[in-house]
S.K.: 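Below is a structure I'd like to ask you about.
As a basis for the values below, the full set of heavy atoms in this structure was taken, side chains included, without hydrogen atoms, waters or symmetry mates. By convention in this document, chain letters (A, B, ...) are assigned in the order of the sequence lines, proteins followed by strands, and residues within each chain are numbered from 1. Owing to the predicted nature of the structure, the values given are computational and were not obtained by experimental measurement.
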Amino acid sequence: MVGETAPFGWGKCKNEDCMSSEPDTSVSLAFAGSGGAGVMTAANMLIDAAAKSGLYALFGRSSGPQIRGGEAAALLRLSTQPVSSVDDSTDILIAIDWGNVDRFSAELALRSSSVIIADPDAGEVPAVLANSGARIAHLPMDKMAKAIPGGRPNMIALGAVAVLIGVPVDVLIEGLGKSLKKKRADAYEASVAAVRAGAEAAKDLGATRRLGVCPPGARWAITGNEAAALGAVRGGVRFCAAYPITPGTEILEWLSGALPKIGGVFVQAEDELASINMCLGASFGGVPALTATAGPGLALMIEGLGLGVASETPVVVVDVQRGGPSTGIPTKSEQSDLDIALHGLHGDAPHLVLAAQSIGDCLFTTQWAVTLAEALQTVGIVLTEQSLGQSRAVIDPPADSGLTAQRLTAETPDEDGLRYQRYALTPSGVSPMAIPGTPGCQYTADGLEHSVYGNPSSAALDHEQQLEKRRRKLDDHDYGDQWATIEGTGRVALITWGSTTGAAHEAIQRAKADGLDVRLISPRLLLPARPREMQAALDGVDAVLVVEQSHSKQFLRYLRSVYTLPAKVDCLFRAGPLAIRPGEIHHALMSMGSSS
Amino acid sequence: MVGETAPFGWGKCKNEDCMSSEPDTSVSLAFAGSGGAGVMTAANMLIDAAAKSGLYALFGRSSGPQIRGGEAAALLRLSTQPVSSVDDSTDILIAIDWGNVDRFSAELALRSSSVIIADPDAGEVPAVLANSGARIAHLPMDKMAKAIPGGRPNMIALGAVAVLIGVPVDVLIEGLGKSLKKKRADAYEASVAAVRAGAEAAKDLGATRRLGVCPPGARWAITGNEAAALGAVRGGVRFCAAYPITPGTEILEWLSGALPKIGGVFVQAEDELASINMCLGASFGGVPALTATAGPGLALMIEGLGLGVASETPVVVVDVQRGGPSTGIPTKSEQSDLDIALHGLHGDAPHLVLAAQSIGDCLFTTQWAVTLAEALQTVGIVLTEQSLGQSRAVIDPPADSGLTAQRLTAETPDEDGLRYQRYALTPSGVSPMAIPGTPGCQYTADGLEHSVYGNPSSAALDHEQQLEKRRRKLDDHDYGDQWATIEGTGRVALITWGSTTGAAHEAIQRAKADGLDVRLISPRLLLPARPREMQAALDGVDAVLVVEQSHSKQFLRYLRSVYTLPAKVDCLFRAGPLAIRPGEIHHALMSMGSSS
Amino acid sequence: MNAPACSIPTSVAEWRSNLKPVWCPGCGDFSVLSSFAKAFLELKLDPNQTAMISGIGCSSRLPAYLTSYGYHSIHGRALAIGAGVKLARPDLTVVVTGGDGDGFSIGGNHFIHACRRNVDMTYVVMDNRVYGMTKGQPSPTTEADWDNSAMAPPGGTGVAPFNPLAIGLTAGASFVARTFSGDPNHTASVIAEAIRHPGFSVVLVLSPCVTFREEERLWKERVHKAANTQPITDQADAARMLMADDGFTLGVLYKNERPAWTPSQRAPVAVADLDAQFRTG
Amino acid sequence: MNAPACSIPTSVAEWRSNLKPVWCPGCGDFSVLSSFAKAFLELKLDPNQTAMISGIGCSSRLPAYLTSYGYHSIHGRALAIGAGVKLARPDLTVVVTGGDGDGFSIGGNHFIHACRRNVDMTYVVMDNRVYGMTKGQPSPTTEADWDNSAMAPPGGTGVAPFNPLAIGLTAGASFVARTFSGDPNHTASVIAEAIRHPGFSVVLVLSPCVTFREEERLWKERVHKAANTQPITDQADAARMLMADDGFTLGVLYKNERPAWTPSQRAPVAVADLDAQFRTG
Ligand SMILES: Cc1ncc(C[n+]2csc(CCOP(=O)(O)OP(=O)(O)O)c2C)c(N)n1
Ligand SMILES: Cc1ncc(C[n+]2csc(CCOP(=O)(O)OP(=O)(O)O)c2C)c(N)n1
Ligand code: SF4
Ligand code: SF4
Ligand SMILES: [Mg+2]
Ligand SMILES: [Mg+2]
């Protein structure tokens, strides 16, 4: 799945007349400063201007433990081409002050080719940063801001950075107008002056990386959490009961605003036990339902999810993964809820697990998950990640897959006037489900094992038949090509999942430039396993590199358990919060390619 | 691990002077009848008499959905040798009436060599039973009982069965005296008369299987749930907070009686969220704590278990598995909570999973789990099964392993007067734990990722170090031979776990008699995986048969995920409630042996 | 989704499904089942427009014994499921039912929040002051000195029971009643009144467990009707009354007219227009 | 395990650990922290004999800021952990603390059961009527019309708040108090009294969230001391008072002498003898 129809795209700038005259297609930069310094504001303005200039972007944030204030960094990558991964390092760090910058210095990934733009009045550049060997350039942002009535250092920084990377200052100022002018004209004036001052001063900072120019095109600026929420309603979700939790809260916030506008219902539940069970109730009532959470909340939903599986009541949970175990690191990313998502339910409880591969793909994957859960009358878990959910991307407008919930409903009892069999043993394993209000089809849904009528049964035969039906309906469904992203034909395959797909893709491009052809296999559908499709995807492959962001190689273990892999399998893995970058994957691929 | 030192034993009668003059070493029988017919009473009396006669026994029960009354069957196997599995079929079914016997006819496993002893006044033998081809013998139990003032048909049945299988009627009557005489002399007299009448009448029923005579020896009669509870207190558990659930309740009932006698605390919690967290609180306070539950309760404990892992607070949960998913089949057995036990926690959360292999082994395994969890400051899940927990066995008195909780505690802060590091990075990964009350070592336990001091931290380095320490302390521990039961040296290996180990052992004996040498590998320690030990155990093996009682091959998937198996792997699997019997394993082994 | 009128039962028998209850002979829940049928008959409910939601326990088996739609769910979560049904399908009559363990022990949090949220549904709890299904353990309404349980020490747990109706009232329930299974007509009429009440209504039915608490057969001698024939309408007065009560007063004890909660609805927007906010430039 | 007397702090500063709070400048929780230190000083508690247990939330961060033993656990479960600590280690002083979301939303079931069980521990809730840590969602104590939240519709959720103290009282709490973080000395003295109280004591501290509920800065103008200087001792009277109250009355509002619950202990048996029952013949 590549190109136009893919729910997310990589590759060349889509504007055919784009003639980038400069060599740089991508620049990574970071704004840092303590709470209130306004680094996030500056970053957002830059992103908006970039989008208007036809660029693509990725914008993540790293912040300390404080609820308000505290140090923070905005991590940006701007590019003339769609971006789906952070780059190997930060090209430009601009710091308004140093706060407790050491808390996330590792996430900044500076190296000798980087430039640190520091305010000389903020004190020494901390050793942990200076040690990178990055070139240090001085910009007295605080002094310059003070020279402008109402001026702020973050606007100086913004102006400077725009010039350094080649985002047109005029577009920037136009954006400022939109966001500030209506509110306070004086703030607008001060900001414009500060941006211009910064832009002017930038010329003395020495040349850095400049992006090529792209003609403006239609773009979306969206976070993964917004995308997942939009996917939910596009898929037909009209009910959400939820309990807030970082980093999933924004999905809930968006749905709490949107659902009441489209005839849906949002309810804040007392806890996650209530939210999942309220969703089951709504779904039993015939209304597609979804909730979103993070690891600790998912842990609390496990029993309810089992009920969804056994009573065949469709429901979807989006788990925006964060650092684990337990409360772990709520604000940082990791791919470590794979185990619980795949195997967390007690008993034999087949269900769906899907994973989004990029910010934009949160939309498609959630939408698809809703339609699958509805079609198969089961539980769907969508795994996304903090780095997708809480990061904002500037992307091409995603196509609407048009997928929408279609539940197989029962309209009347059996033609022969026989009693309605809620759990009838159909060939597909999916049984027509009566929605309350349907005359003559009354039944009692049950989490106890049951007969075809739904009557509780402990008979071996009923158990076997119902277990088998629940397995069959998932295993035998045709999920189409979307089950995985598969690209290339090399004898070395890279298997990954989730957000790491983006970095893997970029690494494979680099390997190609080095003459190594690598196949990419990234399953979007993790459960049920697709052994036949995976075997086809692995045809001719003799070495595999598995890439994942967990400490205990959860993905590799899963692949081994259900798929037949070639004899040579390497694994590049690391827990969060440090992103797995294209460079390290590239490196691993090259050493694999040379040894295999 | 075989023979004397094994926590459970199979093999020959241990009494060297036992000279069984008859061919039968084992008889399986079933008492059936509707609620109030007293089939369980009769079965218990038979078991007691058998134990006194030097026999071994296994006694399981099958009953309908009613809380009280309803049909029930007592399923017994008596043997001159230790018994660890049900046999392939029931030799003798004695039915006081037919109730809804079809509900569990499949569990009775009758065949043409079986005998059905029926009361002619109870109506036709139901077709579902008669179809087995079993010989039908008539015994007018109801009429015979009515002829004795106060006589009851179950006592007639008891007397008849005792004679048929060769349990001395005198020993039976001696036992009746103990249990009934004190209460009501007339009931005693009536029972004696009924037993004698049944015994007399049995002579006309035609010869069936008679057990050899064993000289009496010391025996225990114990259920798996009692054994687990005893193991817990022997291991040092002094705190239990719990919420009742079938089939784990008897563990809690036993602990609620025992703990207050040994200075411990039992508290009935409001739910499973409370029980696991109360246990964590007690353990934080320095007192070894355990709770017991079944699948739905385990699902609710998942978040708490994650906290135990992250805050390194030892705790043990015994999960007595029942049919799943969801509420499933509460009263029937299955091995389908393996997935949730191994992988149910969110994040990378290494912990211990152990499984008991027999009723007697519930004692050893639970005791070991407690000492391991305490030594490694982590969470231990002990998996047992309804068929172990709620079945009673007559066994040789199990040896006391002597294992008892030893927690590495901190007595003072660091010698240099430095601040106490609760989560110090020691070589073993286990950090000395200060128990509240220890002067100078105050710290705050945390489920947030933390520094060595326990201070919340989202730094990549702290995360990596603490994840690695928690992995290392489990992986690097020396678990000794007890990690698995390994027997034999054949090139075919049978890998199984839990209660199925007993049937597997018996199947292997039969295969040996047929000239096929099969190796048995049954891990008692399921997590952490022991790749080195498994590799050694599999040395020279070229074909593997995996045997498990789950619908989705949970065990096979797990083995594949962490171990390297030979190319040829077969799997004999089935969901509950029907036990996997020695005969079908034997059959699978023989066809494997001939094809490999 | 309105059903043809002919689907409305005209006899108690028509409200009963053909599934045989698993209950012990003499269990109080049998008569609660018949009270439901009577109340539904009185209200002329349509079985296909009625949803009975329960958790797990002897009492929670009830939905399958009626011909309405039902959801026999998991232990303690019935009220959450019920709220989901009602909020998604306001056209249905939603009745949640179960036991004292299900509702007040494991389900306690959903209980207080259901009272607070005041969704228009009815909660009927069969209180037998014991866990019947798991064979006789103390529940939150069990007397502190009851010790006829393998899970209670001699002399009882020593933990005082609480009064769920008082808790429900303070948590915000707008209709609070107690009945006795031994008086099925009264129970039926109170259930009918509770269903008519707009908002969250709680009906506690004293329903003996004859197997594990034989002594509850004597409840018939302890129960008595409330002195006032009209329910108290002041919350503070009702709180005082319930805390001073002996736990055997029958009737609708409190009722107010707080409007039922319904989720917010806003000016409609087409789904296709929801993405406007993401378009740049 | 008694510590040398010298380990008992003699100043508020000695009770503070060297960890810097993550709280926003002006957050009410700062002064609750100092009230704890003051109360502990007054009671001459020993930090190594004191266990502070909390869940998750801004307020739940508090334990690590004191020099006692602490357990910063998971959201909503602090009271269960606290009960485990106290039952296993009756020699320790156990204080459980956290926020209104932690205690009354996700933790509501443990709250009512802690009140019922009456284990001798103290529960101090910093009520800011909002979820601070997750950036401003309504909690069970939030006003129905508060809508300055991305998770509340314009006009607010419309769900009425409940009064946790009234619920706690009806559930069986034997000590019920309200204080205000703006009066740290009063808060300290009430906390000290609550710790002295044998049994389960609840102290609700009105503690403004200046970031998400700036208007709570005005609470200082709404709070007022209880009319009676002595707590009510009759449960029914207290129930009426709390239900009629405006939610801003400060003081120990109810107190009774119900003995704290301690688990049953029985005639001692050697562990080695526990297997007698399994020996046959
Ligand atoms: C999560 C979970 N925990 C425990 C159980 C076991 N269980 C089933 S019913 C029940 C108690 C039933 O008591 P109650 O609600 O009072 O109903 P009753 O049987 O008395 O009518 C329990 C503890 C369960 N099914 N699920
Ligand atoms: C199981 C679970 N659900 C949700 C969360 C997210 N969460 C953390 S704190 C919090 C609410 C905190 O509110 P409150 O207890 O009132 O404390 P405050 O921050 O206001 O002091 C929530 C919902 C979590 N950590 N765990
Ligand atoms: S055990 Fe008690 S509550 Fe359950 S069915 Fe029997 S009498 Fe009724
Ligand atoms: S968000 Fe509110 S409760 Fe949290 S620290 Fe800030 S002011 Fe305090
Ligand atoms: Mg009950
Ligand atoms: Mg709060």
S.K.: If you look only at pairs with a residue in residues 88-108 of chain D, which of them pass as a ring pair (Phe, Tyr, Trp, His ring centres under 6.0 Å), with sequence neighbours excluded?
M.R.: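 Only D/Phe104-D/Phe111 qualify under ring pair (Phe, Tyr, Trp, His ring centres under 6.0 Å).
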S.K.: Name the option with the most non-hydrogen atom pairs under 4.5 Å to chain D; the candidates are C/Ala171, C/Ala144, C/Cys115.
M.R.: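 Of C/Ala171, C/Ala144, C/Cys115, C/Ala171 has the most heavy-atom pairs under 4.5 Å with chain D.
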S.K.: Can you tell me how far apart CD1 (C/Ile112) and CD1 (D/Ile112) are? Round to the nearest 0.5 Å.
M.R.: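 Nearest 0.5 Å value for the CD1-CD1 distance: 5.5 Å.
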S.K.: Quick one: what part of C/Ile106 sits under 4.5 Å from any heavy atom of chain D, side chain, backbone, both or neither?
M.R.: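 Contact with chain D involves the backbone of C/Ile106 alone.
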S.K.: Measure across D/Ala239 and C/Met243 and return the closest heavy-atom pair with its distance rounded to 0.1 Å.
M.R.: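 Answer, listing the atom of D/Ala239 first, then C/Met243: CB-CG, 3.7 Å.
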S.K.: What would the table of donor-acceptor pairs between chain D and chain C look like if you include every N and O pair under 3.5 Å, whether backbone or side chain?
M.R.:
residue: D/Phe104; atom: O; partner: C/His113; partner atom: NE2; Å: 2.7
residue: D/Ser105; atom: O; partner: C/Asn109; partner atom: ND2; Å: 2.7
residue: D/Gly108; atom: N; partner: C/Asn109; partner atom: OD1; Å: 3.3
residue: D/Asn109; atom: N; partner: C/Asn109; partner atom: OD1; Å: 3.4
residue: D/Asn109; atom: OD1; partner: C/Gly108; partner atom: N; Å: 3.3
residue: D/Asn109; atom: OD1; partner: C/Asn109; partner atom: N; Å: 3.4
residue: D/Asn109; atom: ND2; partner: C/Ser105; partner atom: O; Å: 2.7
residue: D/His113; atom: NE2; partner: C/Phe104; partner atom: O; Å: 2.7
residue: D/Arg116; atom: NH1; partner: C/Ala160; partner atom: O; Å: 3.4
residue: D/Thr157; atom: O; partner: C/Trp261; partner atom: NE1; Å: 2.7
residue: D/Ala160; atom: O; partner: C/Arg116; partner atom: NH1; Å: 3.4
residue: D/Thr170; atom: OG1; partner: C/Thr170; partner atom: OG1; Å: 3.3
residue: D/Asp237; atom: OD1; partner: C/Arg240; partner atom: NH1; Å: 2.9
residue: D/Asp237; atom: OD1; partner: C/Arg240; partner atom: NH2; Å: 2.9
residue: D/Arg240; atom: NH1; partner: C/Asp237; partner atom: OD1; Å: 2.9
residue: D/Arg240; atom: NH2; partner: C/Asp237; partner atom: OD1; Å: 2.8
residue: D/Trp261; atom: NE1; partner: C/Thr157; partner atom: O; Å: 2.7

S.K.: So which of D/Pro164, D/Gly107, D/Pro140 has the biggest tally of heavy-atom pairs under 4.5 Å with chain C?
M.R.: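 Counting heavy-atom pairs under 4.5 Å, the top option is D/Pro140.
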S.K.: Please identify, among D/Pro153, D/Pro154, D/Gly155, D/Ala244, the residue contributing the most non-hydrogen atom pairs under 4.5 Å to chain C.
M.R.: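 Highest number of heavy-atom pairs under 4.5 Å: D/Pro154.
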S.K.: Side chain, backbone, both or neither: which part of D/Pro161 has a non-hydrogen atom closer than 4.5 Å to chain C?
M.R.: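 For D/Pro161, the contact with chain C is made by the backbone alone.
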S.K.: At a heavy-atom separation under 4.5 Å, does D/Leu169 approach chain C through its side chain, its backbone, both, or neither?
M.R.: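 Interface part for D/Leu169: backbone (N, CA, C, O).
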